[in-house]
Protein chains: 2
Amino acid sequence: MRIGELAHKSGLTTSKIRFYERIGLLKAVDRRSNGYRTYSSQAVTILGLITTAQRAGFTLDEIRALLPSDLTRWDHATLMDALTRKIADIEALQARLTQSRVHLLRLIEDIQARPDDMDCAANAHRVLTNMLAEHPEALDVTSDDIRLLDATDRRQSVSSGRRKKTASR
Amino acid sequence: MRIGELAHKSGLTTSKIRFYERIGLLKAVDRRSNGYRTYSSQAVTILGLITTAQRAGFTLDEIRALLPSDLTRWDHATLMDALTRKIADIEALQARLTQSRVHLLRLIEDIQARPDDMDCAANAHRVLTNMLAEHPEALDVTSDDIRLLDATDRRQSVSSGRRKKTASR
DNA sequence: GCTAACGTTGAACATAAGTTCAACGTCAAG
DNA sequence: CTTGACGTTGAACTTATGTTCAACGTTAGC
């Protein structure tokens, strides 16, 4: 079959198929005398496999490293290893997303917890201070800086509890 | 303070800080007569805020849209809306990661479940058939999802799996 | 006055996964 | 023989988030 039919059968665009060939991902391609590419029905399977692997979180580079030229000759050990590591990656990512989500939820709560007697500006400052104090990892916010931040508006800064301390530098 | 000190205090590189300024994200900058940038301590806060928001899955574009020039004057409604939607995004992504993880686990099981009397080639074919049969329809991963992913981790794409029949064993 | 550390700029480069385009070739039908 | 659908190529473009580089200016200390 020619590229248009393969595109139709695989649900991919012709440009994507040609791109996969260009980067050495799809080698199951022949040429007719007129220069046209021809594919066997195996190509549909391979493209389906690539798409599936991509959805499972593999990059095209990873897929290329795993995909054998002969679909019946997989590198069993390498494949299982890659699958296992990908699962670990996913789990790590899930943990981070959970953290992110909790952080956002806490932020929403914190914003809504504005004391009745506090104006918006002061509340913004309170929330901001809490938030930055909560995530000192990347930020070299010294306690001096926190105090400096507080100093820009001396209203009450109701802490929602946990305020981590940063190492001074 | 000059850019070097700001970089040090914020934990970012000077090139990143200049980049943020270039794209209109960091407007809190003045110039001395010699052309040097100078920053107030507010800039540290703003950069911390940007970093935190990025970790929570916001793009720089989104952050720019939300970040007020005056840190005490937030658009409350817009902000809360953005936070709420970002949480929903995260939850959707988590659901898909779970699907992806389950799919990979099932694939590993399936590969290991090779009948004693089946050779590797036939097993490869069996597993492949099962797997492709499991993904009959294309489920799109939007660029939005990818971006949220990238924000928390460097490059791991995502999938969603569809339930299936357990075929020829 | 020299040197080192710091600052400035615009432009190019990097990544991943493609898309788009112009200019051209092939082929079947009318 | 013309038209339209399909195919070919290489190069440039895309998005997001920066980094790197060359060439140059500024400043503090010796």
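For clarity, every value in this text was computed on a predicted model and none was experimentally measured. Order of the sequence lines fixes the chain letters, A, B, ..., with proteins taken first and strands second; residue numbering starts at 1 for each chain.
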From CD1 of A/I17 across to P of C/dA17 the rounded distance in Å is 17 Å
Looking only at side-chain atoms of A/Y20, point me to the closest of D/dT8, C/dG18, C/dT8. C/dG18
Nearest-Å distance, CD (A/E62) to C1' (C/dA16)? 12 Å
C/dT8, OP1 or OP2 - any side-chain N/O from B/R37 closer than 4.0 Å? yes
Of the candidate nucleotides C/dA17, D/dT17, C/dT8, which contains the atom at the shortest distance from the side chain of B/L60? D/dT17
May I ask you to say whether A/K27 pairs ionically with A/E21, meaning some side-chain N is under 4.0 Å from a carboxylate O? no
Distance, rounded to the nearest Å, where B/I23 contributes CD1 and D/dT15 contributes P: 14 Å
Tell me the interatomic distance from A/D61, atom CG, to C/dT15, atom C1', rounded to whole angstroms. 11 Å
Measure across A/G48 and B/L132 and return the closest heavy-atom pair with its distance rounded to 0.1 Å. C-CD2, 3.6 Å
Polar pairs (N or O, both sides) under 3.5 Å between protein and nucleotides 2-6 of chain D?
none

Look at A/R85 together with A/D89 and state whether they make a salt bridge at an N to O cut-off of under 4.0 Å. no
DNA chain C: A/S33 or A/S15, which has the more 5' nearest nucleotide? A/S15
Round to the nearest Å and state the distance from B/L25 atom CG to D/dA16 atom P. 14 Å
Strictly below 4.0 Å: does B/R31 bring a side-chain N or O up to OP1 or OP2 of D/dT26? no
By salt bridge (charged side-chain N to carboxylate O under 4.0 Å, His left out) - contacts of B/R2 (at least two apart): none
In terms of side-chain heavy atoms of B/N34, which of D/dT27, C/dT8, C/dG18 is nearest? D/dT27
If you look at every heavy atom in B/N123 and B/P115, which pair is closest and at what distance? OD1-CD, 4.4 Å
Rounded to whole Å, how long is the line connecting atom CZ of B/R22 with atom P of C/dG10? 9 Å
Side-chain ion pair, A/R114 and A/D119, N-O less than 4.0 Å: no
Phosphate OP1/OP2 of D/dT19 contacted by B/T13 side-chain N/O (<4.0 Å): yes
Please report, rounded to the nearest Å, how far the P atom of D/dG18 is from the CZ atom of B/F19. 6 Å
Euclidean distance, atom CG of residue A/L26 to atom P of C/dG18 [Å, nearest integer]: 13 Å
Quiz question: by atom type and distance under 3.5 Å, do the side chains of A/T72 and A/D70 form a donor-acceptor pair? yes
